Amino acid sequence: SQQKPPLPPFTEESAKQKVQMAEDAWNSQDPEKIALAYTEDSQWRNRDQFLCGRQEIIAFLTQKWKKEQNYSLKKHYFAHSGNRIAVTFQYEYKNAEDGKWYRAYGNENWTFDENGLMAIRNASINDVAITEEELLISSPKENMHTGVVR
C-alpha cells in the first residue's frame, strides 16, 4: 500500500511537518496531486458538503479553484494525538463570480491511517469579505500573522 510519511503516531515535529506538507500541496492547486495524500475512501466534511473518495475530492477541488482565484493558504498546527492532527487556517481568494476578495478562517481535524494517508478530514470554514488592501496571505510572508487575524 502507498505510504505518505511522516507516519503516525505523530510527534509534535512530525505533525508540524504534515501540516506544512498539506499547506504546500493545497497552494499548488493541483487536485490530482493533493488527492494522493488521502485514502482511496477518504471521508470529508467541508463546510456543508460531504465527500467520499479521491474522485470526489478531485472534482470538488477542481470546482473550488474555478471559483476561488488567486488562492493563497496558511495553515497553523494546533494540536495532535496519536494518528490525529488539528489545525487552524486562513486563506484568501478572489471570487470569480462577484470579483470580490475574501479571507476564509477555519479549523480542521484530520485522522490518518497507518500509512500516513488522511482518512478523515472535517473542516469548518467561515468567509469574511475584505478589500485588496487588507490582503495578508497574498502579501509577502513576513507580513503574515500567526493564529487568528482580523
Side-chain angles (χ1 to χ4, degrees), residues 4-6 8 10-40 42-81 83-112 116-150:
K4 185 84 170 172
F10 298 112
T11 63
E12 183 173 339
E13 180 182 347
S14 65
K16 287 179 176 179
Q17 182 182 359
K18 208 69 153 170
V19 172
Q20 187 61 56
M21 291 169 63
E23 177 184 311
D24 293 344
W26 279 65
N27 278 325
S28 77
Q29 296 180 49
D30 182 341
E32 288 81 13
K33 173 185 171 185
I34 294 165
L36 294 176
Y38 299 89
T39 60
E40 289 284 346
S42 187
Q43 301 288 314
W44 278 30
R45 181 186 56 76
N46 193 89
R47 300 178 190 251
D48 61 350
Q49 293 183 279
F50 296 84
L51 310 174
C52 181
R54 288 182 180 164
Q55 292 310 307
E56 287 188 18
I57 291 168
I58 291 168
F60 169 82
L61 293 174
T62 300
Q63 285 304 115
K64 171 185 178 66
W65 287 313
K66 284 182 183 176
K67 176 186 171 191
E68 297 177 3
Q69 300 176 342
N70 301 96
Y71 177 92
S72 188
L73 166 72
K74 182 65 185 157
K75 290 186 182 283
H76 302 278
Y77 165 86
F78 186 77
H80 77 281
S81 179
N83 68 334
R84 295 183 174 146
I85 300 174
V87 301
T88 63
F89 64 89
Q90 52 212 8
Y91 65 87
E92 295 169 342
Y93 66 93
K94 189 172 188 177
N95 186 310
E97 296 167 2
D98 65 17
K100 295 180 182 174
W101 285 96
Y102 293 87
R103 184 175 303 119
Y105 297 92
N107 299 296
E108 289 178 315
N109 295 313
W110 302 339
T111 304
F112 293 86
L117 298 174
M118 196 181 302
I120 300 171
R121 174 184 174 265
N122 288 310
S124 297
I125 307 167
N126 300 299
D127 294 307
V128 176
I130 60 172
T131 65
E132 191 166 0
E133 292 75 30
E134 294 174 299
L135 290 172
L136 294 173
I137 303 170
S138 301
S139 301
K141 290 291 184 186
E142 62 267 13
N143 293 338
M144 184 60 210
H145 299 273
T146 58
V148 175
V149 295
R150 294 186 188 127

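Only heavy atoms go into these numbers, but all of them, side chains included; no hydrogens, no water, no symmetry mates. For clarity, every value in this text was computed on a predicted model and none was experimentally measured.
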Please give me the minimum heavy-atom distance between [X] and [Y], naming the atom from each residue.
X      : Y      : answer
Thr39  : Ala119 : OG1-CA, 3.6 Å
Gln90  : His76  : NE2-NE2, 3.9 Å
Ile125 : Ala104 : CG2-CB, 3.8 Å
Trp65  : Asp30  : CZ3-N, 4.3 Å

- prompt: Given side chains that start at C-beta, do those of Glu12 and Tyr77 come closer than 4.5 Å, heavy atoms only?
  reply: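 Answer yes - side chains close enough.
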- prompt: Got Arg54 and Leu36 here, is their nearest side-chain heavy-atom distance under 4.5 Å?
  reply: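 Arg54 vs Leu36: side chains touch.
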field: Residues that Gln49 engages under side chain to side chain contact (heavy atoms under 4.5 Å, CB included), provided they are two or more places apart
entry: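 Partners of Gln49 under the side chain to side chain contact (heavy atoms under 4.5 Å, CB included) test: Phe60.
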field: Derivation and outcome, salt bridge (Lys or Arg N to Asp or Glu O under 4.0 Å), residues Lys33 and Asp24
entry: CA-CA 11 Å; Lys33 173 185 171 185; Asp24 293 344; over 6 Å; no
Is the side chain of [X] donor-acceptor paired with the backbone N or O of [Y] at a distance under 3.5 Å, no angle test?
X      : Y      : value
Asn107 : Ser124 : no
His80  : Phe10  : yes
Glu92  : Leu135 : no
Thr111 : Ile120 : no

Rounded to the nearest 0.5 Å, how far does [atom2] of [Y] lie from [atom1] of [X]?
X      : Y      : atom1 : atom2 : result
Ile130 : Trp101 : CD1   : CH2   : 7.5 Å
Gln29  : Leu61  : CD    : CG    : 10.0 Å
Glu40  : Cys52  : CD    : SG    : 10.5 Å
Lys4   : Tyr38  : NZ    : OH    : 10.0 Å
Glu56  : Phe50  : CD    : CZ    : 12.5 Å
Phe78  : Asn109 : CZ    : CG    : 9.5 Å

message: Checking side chain to side chain contact (heavy atoms under 4.5 Å, CB included) between Ser14 and each of Pro5, Pro8, Pro6, which is the one that passes?
response: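 Looking at Pro5, Pro8, Pro6, the match for Ser14 under the side chain to side chain contact (heavy atoms under 4.5 Å, CB included) is Pro6.
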message: Please confirm whether the ring centroid of Trp26 lies under 6.0 Å from the ring centroid of Phe89.
response: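 No, too far apart.
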field: Arg45 atom CZ, over 12 foreign heavy atoms within 6.0 Å
entry: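 Yes, because the 6.0 Å sphere around CZ of Arg45 holds more than 12 heavy atoms from other groups.
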Residues Glu32, Ile58; criterion side-chain contact (heavy atoms from CB on, under 4.5 Å); working and verdict: CA-CA 6 Å; Glu32 288 81 13; Ile58 291 168; 3.7 Å; yes
field: For Lys94, all residues meeting side chain to side chain donor-acceptor pair (under 3.5 Å), sequence neighbours excluded
entry: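 With neighbours one apart ignored, the set is empty.
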message: Could you walk me through whether Glu134 and Arg103 satisfy the salt bridge (Lys or Arg N to Asp or Glu O under 4.0 Å) test, starting with their C-alpha distance in whole Å, then the side-chain angles of each, then the deciding distance to 0.1 Å, before giving a yes or no?
response: CA-CA 9 Å; Glu134 294 174 299; Arg103 184 175 303 119; over 6 Å; no
message: Under 3.5 Å, is there a donor on one side chain and an acceptor on the other for Arg121 and Asn46?
response: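 Indeed, the side chains of Arg121 and Asn46 share at least one donor-acceptor pair under 3.5 Å.
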message: Could you tell me if Lys18 sits above the aromatic ring of Trp110, with its cationic atom closer than 6.0 Å to the ring centre and no more than 45 degrees from the axis?
response: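 Here Lys18 fails the 6.0 Å and 45° test against Trp110.
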task: Evaluate the criterion side-chain contact (heavy atoms from CB on, under 4.5 Å) for residue pair Arg47 and Asp127; output intermediate values, then yes/no.
output: CA-CA 11 Å; Arg47 300 178 190 251; Asp127 294 307; 2.7 Å; yes
- prompt: Do the rings of Tyr71 and Tyr91 sit parallel, tilted or perpendicular, given the 30° and 60° boundaries?
  reply: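 The rings of Tyr71 and Tyr91 sit tilted, inter-plane angle from 30° to 60°.
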